[in-house]
Amino acid sequence: MIVKQERKYSDAEIHNILHPWVSKWFKKTFKTFTQSQRLAVPEIHKGKNVLVSSPTGSGKTLTAFLSVISELCRLSERGKLKDKVYCIYISPLRALDNDIEKNLEKPLEEIKKIAKKDNHDLNIRKAVRTGDTPQSKRSAMLRNPPHILITTPETLAILLTAPKFRNKLSEVKWVIVDEIHALAENKRGVHLSLSLERLQQIAGNFTRIGLSATVNPLKEIAKFLVGYEGERSRDCVIVDVDYRKKLDIEVISPVKDIVAADPEEVNKSLYEKLDELISQHKTTLIFTNTRSGTEAIVYNLKKRFPEKYSDENIMAHHSSLSREVRHKVEEKLKNGELKAVVSSTSLELGIDIGYIDLVILVTSPKSVSRALQRIGRSGHKLHEKSKGRILVVDRDDLVECSLLLKNALEGKIDKIHIPKNCLDVLAQHIYGMAIEHPWDIDHAFHVIKNSYCYRNLSKKDYMRVLKYLAGEYSDLEQKDVYAKIWLNYEENRFGRRGKLARMLYSTNVGTIPDTSSVVVKCKGKIVGRIEEEFMERLHKGDTFVLGGKVYRFNYARGMTVNVTPADALPTIPSWFSEQLPLSFDLAMKIQYFRAMMETKFRMGKSKDEILNFIQKFLYVDKNAAYSIYRYFQEQYLYAEIPHAKKLLIEYYEGFGGKKFVIFHSLFGRRVNEALSRAIAYLVSKEYKKDVAMSILDNGFYLRSDGKLRVMKALKKLKPSNFRDILLKAIDKTEILVNRFRHCAGRSLMILRRYKGREKSVGRQQVKSRILLKFIKRLDPDFPILKEAKREVIEDYMDVKNATKVVKWINNGDIQIKEINTKIPSPFAFNIVAQSYLDVLKYDERREFIKRMHQAIVEKIKSNQDL
């Protein structure tokens, strides 16, 4: 049973169950227990599985370790502390691993001193084991294993197959999974869920403790943590600490009317507001959504305010920087030497990040949970408020952030997506299991299905993976893919094959794919490089900007892209691959707000009444309310307001006679990616012509030389056939090629490392293209090809919610309204502008937007008095 913990224990009750040495240390160090400790520590002490969800800085980590240290003290006092691992702490971040070791050092040293006064020599060992741990330290761990092992998901998987270390895991009593929300939503989490089930085979039942930031639904995360036993999930206690009393969040528009302001005015106001906020606080953490945005903010603050900001007190932190530079930023931040740190999505700091009293989000973080996780980094001390300011620079962003703010304050958090039945990860784990010892086929299947991520795995898919690993697809040997396990049907068993099995497994373990930049060639000459993620989004005929010139994508070979010069507008902006997708839940909340606004205008409510409603409903200031009012008023007077019950399709003829069909489908980019590809596939098949498309969170457009009739295609889409149509639509795309390479690497079809040699990403890509072509002919249902397709439509796209939208359209729950426009409607402008964004400089773009807005206002005025 999954139950929410309601009972809060008193200080006296908790001290009563803690070992006297630990209790004494706690009283000396802290005044009282935190809310999460009052709810969770006694339950962990009872050996119950516990998921703790609370904001950053609320004492989660100590909550997890208090009972563990207390029990280890008890074992030590009785002389029963063996040379075994008792507790495994797992974190997705290596930086967090090192911080945990440092933060355990001090308490253990102080408790050791208290024990010494009782004439006891307490020696609770702890150690970090990751891919960076030197061989000398690894050997030392075998001689004197740590009682508390601090590691990553990948290293745990390796340790499970290490014969000498496996024995040290037989007494594991606790496993702590930190940042579980960050693991659950990707294949690293899927990988870990299977490792935990394999660990349970070695150690028997152990207490699972999950530590999570704000996430939803907690019940699913709890099931992910504890796994299943047959048909029902194991028991878990959820400790949900309410964060809302400790939030101070505002959405700030730097100018009164975003669209009417001059580009320089917006820019100037943005940096003045940033400077004002930074100056009012000790240390500010600024989040952007892109690496280029991070660099721009650091550069502009130093340039505009040279007397205040320099290389010494403001720094950038993102994944393109070297590890040394990132560590330098982290150290300076922890030591309180920085006035501001500007980061993109990659900020991976440990728990001890120093004192930050303000977090600024420049533009939308795209989900309520992400906003709360980022803002939670401020006020990183008990009983302090988390203070966040969200700065917006366009009207879509303003509406999105205002709804995000409302949902954050009201505790409505978007749902997490947990990948399921990943056959590539399954293949890797079955190989790891075979290395441990021979397995009974049915018993192994039972162990695998105990993982939350594989509870619905079919026996058919399981057996196909076994057959692939056993080399039963013999034709694959022509492509150097050889058997890795033996399979005995008579004895119903499988086991490892080959002397190099352990080496192959340990050097290729994990789920994070190797990535690299891609060379772009035009007429045989290299013209530049693009990111691999950007290449994924390209399909034949797409145009993009590189080095200030527009190129048309023809094809890709390995890590080389072939292009030709194009006299056309780009279909995909160069920074597109960096953008985070808007969550479906938040998108729907914005749609419902749109419907409310349409009702207000239809009912003839006055300007003051609507402004008052916006301010109260969204908790925004007057500037923000006014900009939102103007935006919706212009859309209402010029066209129609699309919303949850009305899908607006807008036909617009752009420059050069290009025909645009704009779908006002505010469902988030993952859903729009699925919808647009399915519709474009049906349209191009029917009319035998190339269809360009561009996708945003607020909608997408299809574009062609001639007129596009999309209603026919829309009518062909049914909930029953949508998945199949989407699979056909992605079959010849770069994204399938790329994701197949990732899956082939995870499933060990392509060995990234062999006998000390690294296979470059380019060589992996060439090999995966050859394999993909071969496998499509060999068996269209081959498990790794099936997984690559599943990953594209379920994890990268959102086929589940896209099917839901198709169902709403089919049922008439969403009405379709078609309109024709001479100038794109206000809500369409950002969607259409994707065609022009890369060929215009920032200031020109702002001016371009302003001119289009003025043309719309003039058009409205000619129809009726504004």
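All of these numbers come straight from a predicted model, not from anything done at the bench.
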Evaluation steps, side chain to side chain contact (heavy atoms under 4.5 Å, CB included), between Ile418 and Ile221 = CA-CA 9 Å; Ile418 302 172; Ile221 298 291; 4.3 Å; yes
task = Please assess Val368 against Leu372 for the test side chain to side chain contact (heavy atoms under 4.5 Å, CB included), listing each intermediate value before the final yes or no.
result = CA-CA 6 Å; Val368 178; Leu372 291 168; 3.9 Å; yes
*asked:* What I'd like to find out is whether the side chain of Lys804 reaches to under 4.5 Å of the side chain of Lys807, using heavy atoms alone.
replied: no
Rounded to the nearest 0.5 Å, the CG atom of Leu404 sits from the OG atom of Ser367 at a distance of 7.0 Å
Checklist entry - Under 4.5 Å between any side-chain heavy atoms of Lys366 and Ser583, yes or no? => result no
When rounded to the nearest 0.5 Å, the distance separating CZ of Phe667 from CG of Asn698 is 11.5 Å
Is it the case that the side chains of Arg630 and Tyr626 hold a donor-acceptor pair, with the cut-off being a distance below 3.5 Å and no angle test?
yes
All heavy atoms of Leu211 vs all of Lys60, minimum pair found to be CD2-O, 3.7 Å
dist Asp585:CG -> Ile590:CD1 (nearest 0.5 Å) comes out at 11.0 Å
Only residue of Arg723, Arg739, Lys789, Arg670 satisfying salt bridge (Lys or Arg N to Asp or Glu O under 4.0 Å) with Glu794 is Arg723
Output yes when a side-chain donor or acceptor of Glu179 lies under 3.5 Å from a complementary backbone atom of Ser212, and no otherwise. no
Arg389 meets the salt bridge (charged side-chain N to carboxylate O under 4.0 Å, His left out) criterion, sequence neighbours left out, with Asp248, Glu250
>> So does Tyr271 get a backbone contact from the side chain of Asp275, meaning a donor-acceptor N/O pair under 3.5 Å?
In response: no
In this structure, OG of Ser253 is separated from CG of Asp394 (nearest 0.5 Å) by 10.5 Å
Closer than 4.0 angstrom, basic N to acidic O: yes or no for Glu265 and Lys268?
no
Under a 4.5 Å cut-off applied to non-hydrogen side-chain atoms, are Arg677 and Met797 in contact?
yes
When every non-hydrogen atom of Phe722 is compared with those of Ala674, the smallest separation belongs to CZ-O, 3.8 Å
Shortest non-hydrogen pair, His742 vs Pro513, comes out as CD2-CB, 3.4 Å
Open item on the list: Atom NZ of residue position Lys420 - does it have more than 12 heavy atoms of other residues, nucleotides or ligands inside 6.0 Å?
Closed with: yes
Is the backbone N or O of Glu673 less than 3.5 Å from a side-chain atom of Ser676, with the two atoms forming a donor-acceptor pair by type? yes
Nearest heavy-atom approach of Ile730 to Thr733 is O-OG1, 2.6 Å
| query | Should Ser53 and Ile238 count as side-chain neighbours, where that means a heavy-atom distance under 4.5 Å? | reply | no
Flag this pair as yes if the NZ/CZ of Lys406 is under 6.0 angstrom from the six-membered ring centre of Phe617 and inside a 45 degree cone about the axis; otherwise no. yes
Salt bridge (charged side-chain N to carboxylate O under 4.0 Å, His left out) filter on Asp795, not counting sequence neighbours, yields Arg790
Aromatic ring pairing Phe827/Phe632, orientation class (parallel under 30°, perpendicular over 60°, tilted between): perpendicular
Within the side chain of Ser193, is there an N or O that forms a donor-acceptor pair under 3.5 Å with the backbone of Val190? yes
Are Leu333 and Ile356 side-chain neighbours, meaning at least one heavy-atom pair lies under 4.5 Å?
-> yes
Indicate yes or no for a side-chain donor-acceptor contact from Gln373 to the backbone of Thr214 under 3.5 Å, with no hydrogens or angles considered. yes
Do Met596 and Tyr592 touch side chain to side chain, with heavy atoms closer than 4.5 Å? no
#### Entry: Cationic N near anionic O, under 4.0 Å, Glu220 to Lys415
no
Exercise for the section: Check whether any side-chain heavy atom of Tyr652 sits under 4.5 Å from a side-chain heavy atom of Ile662, and report yes or no. Expected result: yes
**Prompt:** Given Ser364 and Asp397, is the side-chain hydrogen bond (donor to acceptor under 3.5 Å, both in side chains) satisfied, shown in steps?
**Reply:** CA-CA 6 Å; Ser364 171; Asp397 204 39; 4.6 Å; no
Could you please spell out the steps behind the side chain to side chain contact (heavy atoms under 4.5 Å, CB included) verdict for Leu618 and Leu405?
-> CA-CA 7 Å; Leu618 297 179; Leu405 167 71; over 6 Å; no
Check: When you measure from the side chain of Arg370 to the backbone N and O of Pro365, does any donor-acceptor pair fall under 3.5 Å?
Finding: yes
When every non-hydrogen atom of Met315 is compared with those of Val329, the smallest separation belongs to CE-CG2, 3.8 Å
Ignoring hydrogens and geometry, is there a side-chain-to-backbone donor-acceptor pair from Arg703 to Ala692 under 3.5 Å? no
**Message:** Could you check whether any side-chain N or O of Asp414 sits under 3.5 Å from a backbone N or O of Ser369, counting only pairs where one atom can act as donor and the other as acceptor?
**Reply:** yes
Discussion item. Test your reading of the model: is there a side-chain donor-acceptor pair from Asp178 to the backbone of Ser91, 3.5 Å cut-off?
Written reply: no
When you check the side-chain N and O atoms of His281 and Lys387, is any donor under 3.5 Å from an acceptor? yes
Closest non-hydrogen atoms of Arg594 and Pro642, given as atom of the first, atom of the second and distance, are CD-O, 3.0 Å
Q) Just by distance, do the side chain of Asn216 and the backbone of Ile413 share a donor-acceptor pair under 3.5 Å? A) yes
So CZ of Arg395 and CD of Gln635: to nearest 0.5 Å the spacing works out to 9.5 Å
Decide yes or no on side-chain hydrogen bond (donor to acceptor under 3.5 Å, both in side chains) for His417 and Lys800, but give the supporting numbers first. CA-CA 11 Å; His417 165 71; Lys800 184 182 172 187; over 6 Å; no
Exercise. Using a 4.5 Å cut-off on heavy atoms from C-beta on, say whether the side chain of Leu183 contacts that of Val177.
Key: yes
Discussion item. Other residues, nucleotides and ligands only: do more than 12 of their heavy atoms fall within 6.0 Å of NZ on Lys646?
Written reply: yes
Partner of Ser269 under side-chain contact (heavy atoms from CB on, under 4.5 Å), picked from Val393, Val255, Leu391, is Val255
Here the gap from Ile375 atom CD1 to Leu361 atom CG, rounded to the nearest 0.5 Å, amounts to 4.5 Å
Contacts of Asp813 meeting salt bridge (charged side-chain N to carboxylate O under 4.0 Å, His left out) (sequence neighbours excluded), chain-then-number -> none
Using 30° and 60° as the class boundaries, would you call the ring planes of Phe663 and Phe700 parallel, tilted or perpendicular? parallel
### Query
Hey, mind stepping through Lys187 and Glu791 against side chain to side chain contact (heavy atoms under 4.5 Å, CB included) and telling me if it holds?
CA-CA 10 Å; Lys187 286 190 174 180; Glu791 183 179 318; 2.7 Å; yes
